[in-house]
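Just so it is clear, the model here is predicted, and its values are computed rather than measured.
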Amino acid sequence: MHILPTISTMFIVISAIFVGFGWYHIVKGNRETHQKLMVLGAIFALAFFIIYMSRTLFEGNTSFGGPESLKLPYHLFLFFHIALATVGGVLGLITLWFAYKNKFLKHKKIGRVAAIVWLLTAPTGVLVYVLLYLMYPGGTTKPVIDAIFGL
């Protein structure tokens, strides 16, 4: 079993759940609950990112092990997921910054988009996990850290 990808995928799902409930609570006017849930969502997203980057650096990414006919569609979907995750992460940081600076009009405007992107990112991440570790297990590639140092 691939424990780190399983944990990191669970963290991104937990993050999205907190974001979804956080959004619900701000719509209902529960600012304190919203703030707590969104901070928890950010913490779980950060935990995902730390695990993902550590694994990428020291262990490497897993190559797609499915049939050749699905390789291109998988990589296009993976690119879409990575783009969503990157945009969602950046928008999330901007949204948190605006909240921290009490710029709530900007926070609200960007936060809606950030939440939608994040709520799309999580299921696409789960699908990448299912394709890569459950349906078509592949082999691992060389860790980035080894490639950097020529090991």
Side-chain angles (χ1 to χ4, degrees), residues 1-64 72-136 138 140-149:
M1 181 176 171
H2 301 278
I3 192 70
L4 289 179
T6 303
I7 292 169
S8 65
T9 301
M10 287 182 354
F11 282 177
I12 210 64
V13 169
I14 292 168
S15 172
I17 290 168
F18 281 128
V19 167
F21 280 112
W23 192 357
Y24 170 82
H25 279 281
I26 199 61
V27 168
K28 294 295 183 186
N30 305 324
R31 285 188 182 199
E32 275 188 43
T33 304
H34 164 78
Q35 181 181 1
K36 289 174 185 173
L37 290 169
M38 291 305 199
V39 167
L40 285 169
I43 289 168
F44 275 93
L46 178 62
F48 158 80
F49 185 72
I50 290 168
I51 291 170
Y52 176 79
M53 290 309 296
S54 298
R55 183 171 182 270
T56 297
L57 281 171
F58 299 112
E59 189 178 315
N61 285 323
T62 304
S63 58
F64 183 65
L72 179 60
Y74 167 78
H75 282 100
L76 291 173
F77 182 77
L78 179 63
F79 178 75
F80 173 72
H81 166 70
I82 291 169
L84 268 180
T86 302
V87 169
V90 170
L91 289 176
L93 289 172
I94 292 168
T95 303
L96 288 168
W97 179 255
F98 284 148
Y100 176 74
K101 289 295 189 176
N102 295 322
K103 296 182 178 186
F104 293 112
L105 288 177
K106 290 181 180 181
H107 169 80
K108 182 178 179 179
K109 186 177 180 180
I110 303 266
R112 286 179 179 153
V113 176
I116 290 167
V117 171
W118 204 246
L119 292 171
L120 292 171
T121 299
T124 61
V126 171
L127 186 54
V128 167
Y129 173 82
V130 167
L131 289 168
L132 205 52
Y133 296 101
L134 302 179
M135 289 181 70
Y136 305 112
T140 57
T141 58
K142 189 173 197 177
V144 173
I145 196 102
D146 289 354
I148 290 170
F149 293 110

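- Counting all heavy atoms, side chain and backbone alike, E59 lies closest to L4 at OE1-CD1, 4.4 Å.
- Shown here for H34 and H25, the closest heavy-atom pair between the two residues is N-CB, 4.0 Å.
- K103 contributes atom NZ, which lies 6.5 Å from atom CZ of F98 (distance to the nearest 0.5 angstrom).
- Considering all non-hydrogen atoms of both residues, A42 and L96 come closest at CB-CD1, 3.7 Å.
- Legend: residues meeting side chain to side chain contact (heavy atoms under 4.5 Å, CB included) with S8, ordered by chain and number and at least two apart, are F48, I51.
- The distance from the CG atom of L76 to the CG atom of L72 is 4.5 Å, given to the nearest 0.5 Å.
- More than 12 heavy atoms of other residues, nucleotides or ligands sit less than 6.0 Å from atom CG of L134.
- Note: K109 NZ to I94 CD1 = 12.5 Å, rounded to the nearest 0.5 Å.
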Show the atom names and distances, to 0.1 Å, of all donor-acceptor pairs under 3.5 Å that link a side chain in residues 10-24 to residues at least two apart or in another chain.
residue : atom : partner : partner atom : Å
S15     : OG   : G41     : O            : 2.8
S15     : OG   : W118    : NE1          : 3.0

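- For the atom pair OG1 of T95 and CG of L91, the computed distance is 6.0 Å after rounding to the nearest 0.5 Å.
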Going through the distances and angles, do T62 and Y133 end up as a side-chain contact (heavy atoms from CB on, under 4.5 Å)? CA-CA 9 Å; T62 304; Y133 296 101; 2.9 Å; yes
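- Atom CZ of R55 sits about 11.5 Å away from atom CD1 of I3, to the nearest 0.5 Å.
- Taking CG of L78 as the start and CG of L127 as the end, the distance is 10.5 Å to the nearest 0.5 Å.
- Sorted by first and then second residue, the side chain to side chain donor-acceptor pair (under 3.5 Å) pairs with a member in residues 73-84 read H81-T124; sequence neighbours excluded.
- Within a 6.0 Å sphere centred on CZ of F77, heavy atoms belonging to other residues, nucleotides or ligands number more than 12.
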